[in-house]
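Heavy atoms only: backbone and side chains are in, while hydrogens, waters and symmetry mates are out. Nothing here was measured: the structure is a model prediction, and the numbers come from that model. Note that ligands are numbered from 1 as they come in the structure, with each ligand's atoms numbered from 1 the same way.
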Amino acid sequence: MDLTGELFLAGERVRGTGAELRATDPRTGDTLEPVYRLGTTDDVDRAATAAAQAFRPYRRTDPKVRAEFLDSIADGLAALGEEIVERVQRETGIAEPRVRGELARTVNQLRLFAGVVRDGSYTGARVETALPDRKPLPRPDLRQHKVPLGPVAVFGASNFPLAFSVAGGDTASALAAGCPVVVKAHSSHPGTSELVAGVVTAAVAAHDLPAGTFSLLYGEGREVGTALVAHPAIAAVGFTGSRAGGTALVAVANARPRPIPVYAEMSSINPVVLLPAALRERGRAVGEGFVASLTTGVGQLCTSPGLVLAVDSPGLQDFLDGAAAAVRASAAAPMLSAGICTAYDRGVQALRDNPAVEEIATGADDDSLAAAGTTHLFTTTAEAFLRDDSLAEEVFGASSLVVRVPGPEALPEVLDRIEGQLTATVHLGAGDEPTAADLLPALEEKVGRIVVNGWPTGVDVGEAIVHGGPFPATSDGRSTSVGTLAIERFLRPVAYQDVPASLLPADLGQVP
Ligand code: NAP
């Protein structure tokens, strides 16, 4: 497909009239063709209004049609093959195997949600039949199911240009729920966004769905993104990005005459707790495994292990030695964009400038890369960590801080200091279980996923996964953005009381 740089407004290709945007290859610094023109608030209005018009007919489509629609987006993405793999690499610097893996995951997510729609149980139908003789009051016939919220605004993520972007998890779950989607493309990968939007738009047409079911806008977050979230037709928002961006959009949503939910995934340092027996039994191997997780995706994954709470015990030195050797052996790799690289360097420099922090290992640098991400490993004491909140801030990239915790009894106080997280990981060995059992309730209050003797990176997309967590991991910790439960974010319950069978929705009429 030839890239044209045009917006997708309810099935039409339209040249934007805003400022110019060109993608940059973060490996070389080269700007890429074509020139994109950003959308304006008028385009936002057109897309959101068309989405509102599409909502009722789209949500009433036969679930079979909606499932086929999702499957055909999956087919279309898979068919893009080399074209999309190459464009993603050029716009993000993500290594080819990871791009292929992400493409497969995105295709599978769409198929997973097609299965959810076919299965139908996502509507959560519940039935309480009438009890006319109940005393003191008769019970009415009550039936409940969930309905879609309305048009959803999706913000593409810089670090998952496929799986969390134009046809990623937010879009797949919203479309599955019966909600039209308006995507605000991430400005660092407009070409990838255009390719995927072409596939979604073709699938909308092929299934005779209302044109407003899907639109794609390019634009400045502060103008186009804000206008989209503020638009009266938009009913919910899915976002992955920075804490500043996510909280700004939550504020916009809350300031509307009719506030709407924003599901923003923002900042997480994913603490890893190392207990004494794990360190004693396999300290070095844990150190090596930790760095393998830390350097995955050049550390630009929301689940990257940015903080290690290691109990000061025999074996800790083995861990540090193994980790430091792995860090020194790690190669520099391109970061997603010059902006993200600059923010990373700033975060690393702040740790270097902190007198309570020691840098124990640095990975190789690579001057030939325009936006090189180098691995860094730091240590500090629990005392210093408790004194200085800045040490618990996300440094987005392959940098991690090991906190030496004097004993297992000091772990709860350190964990208490940490904000909400997507994940927490515990490494334990023989005899560590009682300590772990004491920690679990506190971890459960802090995070969305608890991992034992593994690593937080690598999120399995399925029925039981949770990718969410208390603020600031997400703006609403009651949900997940990955896995089948993600559909819940775009639904709300409605009860039918004493409604005759002839008027009941199909899923409620069928329940005995
Ligand atoms: P970002 O700056 O938050 O941008 C994400 C999206 O939100 C973009 O479309 C952006 O628009 C828009 N946006 C940003 N600020 C906005 C505002 N105030 N009002 C309305 N829209 C706004 O995130 P990013 O570009 O992906 O990366 C920047 C930093 O985010 C990283 O360095 C990292 O710290 C963090 N990050 C975290 C995660 C995570 O999962 N924890 C993932 C990705 C990034 P524009 O197109 O105008 O930029």
Side-chain angles (χ1 to χ4, degrees), residues 16 18-19 21-24 26 36 38-39 41 44 91-92 94 153-161 163-166 168-170 182-190 192-193 216-231 234 237-253 255 262-270 297-306 335-348 350 371 373 393-399 419-423 448 456-457 459 467-469 471-475 481-482:
L21 167 73
R22 281 174 76 164
T24 304
Y36 286 77
L38 303 185
T41 51
V44 170
E91 291 190 329
T92 65
I94 297 176
V154 171
F155 285 72
S158 58
N159 58 341
F160 279 94
F164 277 94
S165 283
V166 177
D170 287 339
V182 180
V183 178
K184 194 308 231 170
H186 196 284
S187 302
S188 66
H189 55 253
T192 303
S193 301
L216 174 84
L217 301 162
Y218 312 104
E220 291 279 340
R222 281 185 178 75
E223 187 194 351
V224 165
T226 299
L228 184 59
V229 174
H231 197 284
I234 296 297
V237 181
F239 169 95
T240 300
S242 66
R243 184 169 181 166
T247 49
L249 293 174
V250 170
V252 171
V262 177
Y263 298 100
E265 189 197 316
M266 300 173 288
S267 149
S268 186
I269 54 174
N270 305 296
V298 204
Q300 302 163 116
L301 304 183
C302 29
T303 51
S304 191
M335 295 195 78
L336 292 161
S337 68
I340 284 179
C341 188
T342 304
Y344 176 61
D345 290 344
R346 208 182 303 126
V348 166
E393 282 171 16
E394 181 184 58
V395 178
F396 192 66
S399 167
E419 299 180 287
Q421 303 291 331
L422 293 171
T423 73
T457 46
V459 178
H467 190 69
F471 185 89
T474 61
S475 54
S481 61
V482 175

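Residues Phe164 and Asn159 form no side-chain contact, since every pair of their non-hydrogen atoms from C-beta on lies 4.5 Å or further apart. Counting heavy atoms from C-beta on, the side chains of Thr303 and Ser268 never come closer than 4.5 Å. Side-chain atoms of Tyr263 and Ser481, non-hydrogen and from C-beta on, never get closer than 4.5 Å to each other. Using a 4.5 Å heavy-atom threshold, the side chains of Glu220 and Ser187 count as separate. With a 4.5 Å cut-off on side-chain heavy atoms, Thr240 and Phe155 do not count as touching. Within the 4.5 Å cutoff, the side chain of Phe239 has no heavy atoms near those of the Val250 side chain. Contact annotation: the side chain of Leu422 approaches that of Glu265 to within less than 4.5 Å [non-hydrogen atoms, C-beta and beyond]. For the pair Leu216/Ser193, a side-chain contact is recorded, criterion being any heavy-atom separation below 4.5 Å from C-beta on.
Within ligand 1, the atoms closer than 4.0 Å to a non-hydrogen atom of Thr226 are 19 (N), 20 (C), numbered from 1 in the order shown. Every atom of ligand 1 with a heavy atom of Gly219 under 4.0 Å away is listed here by number and element: 46 (O). For ligand 1, the atoms closer than 4.0 angstrom to any heavy atom of Glu265 are 40 (O). For ligand 1, the atoms closer than 4.0 angstrom to any heavy atom of Ala248 are 18 (N).
In this structure, Tyr344 does not count as a contact residue of ligand 1, since none of its heavy atoms falls inside 4.0 Å of the ligand. In this structure, Ala473 does not count as a contact residue of ligand 1, since none of its heavy atoms falls inside 4.0 Å of the ligand.
With respect to atom 7 (O) of ligand 1, the closest heavy atom belonging to the protein is Phe239 CE1, 3.2 Å. Summary of contacts: the protein heavy atom closest to atom 37 (C) of ligand 1 is Gly241 O, 3.2 Å. Counting protein heavy atoms only, atom 41 (N) of ligand 1 is closest to Met266 O, 2.2 Å. When hydrogens are left out, the protein atom nearest atom 26 (O) of ligand 1 is Ser158 OG, 2.5 Å; that is the closest non-hydrogen contact. The closest protein non-hydrogen atom to atom 48 (O) of ligand 1 is Ser187 OG, 4.3 Å. Counting only heavy atoms of the protein, atom 42 (C) of ligand 1 lies nearest to Asn159 ND2, 3.4 Å. Here the heavy atom of the protein found nearest to atom 27 (O) of ligand 1 is Ile340 CD1, 3.6 Å.
Among the atoms of Gly221, some N or O lies under 3.5 angstrom from an N or O of ligand 1. Between Gly225 and ligand 1, no pair of N/O atoms sits closer than 3.5 Å.
Between the choices Ser165, Gly245, Ala251, the shortest heavy-atom distance to atom 15 (N) of ligand 1 belongs to Gly245. In this structure, of His186, Lys184, Glu220, the residue bringing a heavy atom nearest to atom 11 (O) of ligand 1 is Lys184. Between the choices Ser242, Gly347, Gly306, the shortest heavy-atom distance to atom 35 (C) of ligand 1 belongs to Ser242. Around atom 43 (C) of ligand 1, the closest heavy atom drawn from Phe396, Phe155, Phe164 belongs to Phe396.
Between Glu393 and Arg243, none of the side-chain N atoms (NZ, or NE/NH1/NH2) sits under 4.0 Å from a carboxylate O, so this pair counts as no salt bridge.
Annotation: the span from Asp345 atom CG to Met335 atom CE amounts to 7.5 Å, rounded to 0.5 Å. Rounding to the nearest 0.5 Å gives a distance of 14.5 Å between CZ of Phe396 and CZ of Arg346.
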Open item on the list: For a side-chain contact (heavy atoms from CB on, under 4.5 Å) check, start with the C-alpha distance between Glu419 and Ser267, then their side-chain angles and the critical distance, and finish with the verdict.
Closed with: CA-CA 10 Å; Glu419 299 180 287; Ser267 149; 5.6 Å; no
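At a 4.0 Å heavy-atom cut-off, ligand 1 touches Leu249 through the side chain alone. Heavy atoms of Glu394 found under 4.0 angstrom from ligand 1 belong exclusively to the side chain. Under 4.0 Å from ligand 1, heavy atoms of Cys302 appear from its side chain as well as its backbone.
Around atom CD of Glu223, more than 12 heavy atoms belonging to other residues, nucleotides or ligands sit under 6.0 Å away.
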